[in-house]
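Fair warning: this is a prediction, and the values are worked out from it, not measured in the lab. Residues take their numbers from the sequence shown, with the count starting at 1. Computed from heavy atoms alone, side chains included, the values below leave out hydrogens, waters and symmetry copies. Atoms within a ligand are numbered from 1 in the order they appear, just like the ligands themselves.
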Amino acid sequence: MPSFIDELPPLPDGYHIRKICSDDYGRGALEVLKALTTVGEITNKEFEHTIETWARHPEIYHTLVILDLSETVVAIGSVIVESKLIHHCGKVGHIEDIAVRPNQQGKKLGCTLIRHLIKIAGSLDCYKVILDCDPANEMFYAKCGLSKAGTEMQFRF
Ligand code: ACO
């Protein structure tokens with residue numbers, strides 16, 4: 001029987017999911033992230049530099065995008081794989097920077113993206129996947145299969 005990790009929900013017709021690439025600057029990847037937080041004025045060169053930095057560490061950085069039929073980025077999210085000493089040199093996946101274009105929310109794109117990121121972490125032998133979120137998003141993550149654990153703390157610079 002397929003497990004929760006293997007059985008990925010389908011995307012709506014015309015949408016596809018893949019790894020981010022440098023050309024996604026022109027496909028609106030940064031506009032999507034503005035649904036999450038301040039992004040700043042990032043040049044194409046700065047965008048490419050970050051994608052190249054991630055590409056040099058393929059065991060750590062995994063960023064996926066969902067595109068619609070017009071090849072516009074409509075959702076984006078990452079899982080960062082941390083290698084630890086505890087749990088017999090285990091690995092933990094940190095889900096980060098999840099955003100769905102406002103006019104595309106409510107189509108299960110966010111949940112499908114999360115399920116793909118969890119699958120990546122599982123395939124890399126992570127023993128868990130964790131994330132920090134606003135309490136307003138708790139139900140969303142619960143619907144994607146995550147459960148509440150712990151308290152978020154921060155020190156802001
Ligand atoms: N509260 C309660 N339920 C929610 C919420 C919410 N805020 N958002 C979605 N859901 C529910 C949906 O109703 C749906 O329920 P159903 O299966 O019963 O129909 C289920 O969760 C799946 O929803 P999706 O359609 O997959 O969600 P969507 O594609 O709209 O993406 C997201 C949700 C990512 C939170 C989107 O609204 C968004 O981009 N928000 C702004 C940015 C943001 O807050 N990102 C998360 C930051 S946390 C982090 O990055 C680790």
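Set against the non-hydrogen atoms of Gly110, the atoms of ligand 1 under 4.0 Å away are 26 (O), 28 (P), 29 (O), 31 (O). Close approach of ligand 1 to Cys111 (heavy-atom distance below 4.0 Å) involves ligand atoms 26 (O). Heavy-atom contacts of Gly106 reach the following atoms of ligand 1: 25 (O), 28 (P), 29 (O), 30 (O) (cutoff under 4.0 Å). Applying the 4.0 Å criterion to heavy atoms of Asp132 picks out, from ligand 1, the atoms 48 (S), 49 (C), 51 (C). Listed by number with element, the atoms of ligand 1 under 4.0 angstrom from any heavy atom of Asp97 are 50 (O). The ligand atoms of ligand 1 that sit less than 4.0 angstrom from a heavy atom of Ile95 are 51 (C). Close contacts between ligand 1 and Lys107 involve ligand atoms 25 (O) [criterion: under 4.0 Å to a heavy atom]. Of all atoms in ligand 1, listed by their number and element, those nearer than 4.0 Å to a heavy atom of Ala99 are 39 (O).
Residue, atom and distance of the protein heavy atom nearest to atom 35 (C) of ligand 1 are Asn137 OD1, 3.7 Å. Of the protein's heavy atoms, Leu36 CD1, 3.4 Å lies nearest to atom 47 (C) of ligand 1. Of the protein's heavy atoms, Ala35 O, 3.4 Å lies nearest to atom 42 (C) of ligand 1. Protein heavy atom nearest atom 49 (C) of ligand 1, with residue, atom name and distance: Tyr141 OH, 3.3 Å. Nearest protein neighbour of atom 5 (C) of ligand 1, counting heavy atoms only, is Phe140 CB, 3.6 Å. If you check which protein heavy atom lies closest to atom 38 (C) of ligand 1, you get Gln105 NE2, 3.3 Å. The protein heavy-atom contact nearest to atom 45 (N) of ligand 1 is Ile98 O, 2.7 Å. The protein non-hydrogen atom at the shortest distance from atom 12 (C) of ligand 1 is Lys143 CD, 4.7 Å.
Counting heavy atoms closer than 4.0 Å to ligand 1, residue Gln104 contributes nothing at all. Counting heavy atoms under 4.0 Å from ligand 1, residue Ala136 touches it through the backbone alone.
A donor-acceptor pair under 3.5 Å links the side-chain atoms of Lys91 to the main chain of Leu124, judged by distance alone. A donor-acceptor pair under 3.5 Å links the side-chain atoms of Arg101 to the main chain of Val73, judged by distance alone. Listed for the Tyr141 side chain is no donor-acceptor partner under 3.5 Å among the backbone atoms of Cys111. Of the possible donor and acceptor atoms, none in the side chain of Glu7 sits under 3.5 Å from a partner among the backbone N and O of Phe4. No donor-acceptor distance shorter than 3.5 angstrom exists from the side chain of Arg27 to the backbone of Val74, with no hydrogens or angles considered.
Pairs passing the ring-ring contact (aromatic ring centres under 6.0 Å, His included) check and including a residue from residues 80-104, sequence neighbours excluded, read His87-Tyr127.
For Ala121, the side chain to side chain contact (heavy atoms under 4.5 Å, CB included) partners at least two apart in sequence or on another chain are Val79, Cys126, Val129.
Enclosure of atom CG in Leu85 is not indicated, since only 12 or fewer non-hydrogen atoms of other residues, nucleotides or ligands lie within 6.0 angstrom. Heavy atoms of other residues, nucleotides or ligands lying less than 6.0 angstrom from NE2 of His16 number more than 12.
Within the structure, ligand 1 lacks Leu113 among the residues with a heavy atom less than 4.0 angstrom away.
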Practice prompt. Show the numbers, then the answer: is there a salt bridge (charged side-chain N to carboxylate O under 4.0 Å, His left out) between Asp24 and Lys19?
Written response: CA-CA 10 Å; Asp24 291 333; Lys19 276 172 62 173; over 6 Å; no
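Counting only non-hydrogen atoms, the option in Glu138, Arg101, Lys34, Lys108 that gets closest to atom 24 (P) of ligand 1 is Lys108.
The closest side-chain donor-acceptor pair between Tyr15 and Lys107 falls under 3.5 angstrom.
Linking ILVMFWY side-chain heavy atoms closer than 4.5 Å, directly or via other members, places Trp54 and Ile80 in a single hydrophobic cluster. Tyr61 and Ile95 sit in two unconnected hydrophobic clusters of ILVMFWY residues. Membership requires side-chain heavy atoms under 4.5 Å apart, directly or through other members.
At least one N or O atom of Val100 sits closer than 3.5 Å to an N or O atom of ligand 1.
By the definition of a contact as any protein heavy atom under 4.0 Å away, atom 20 (C) of ligand 1 is in contact.
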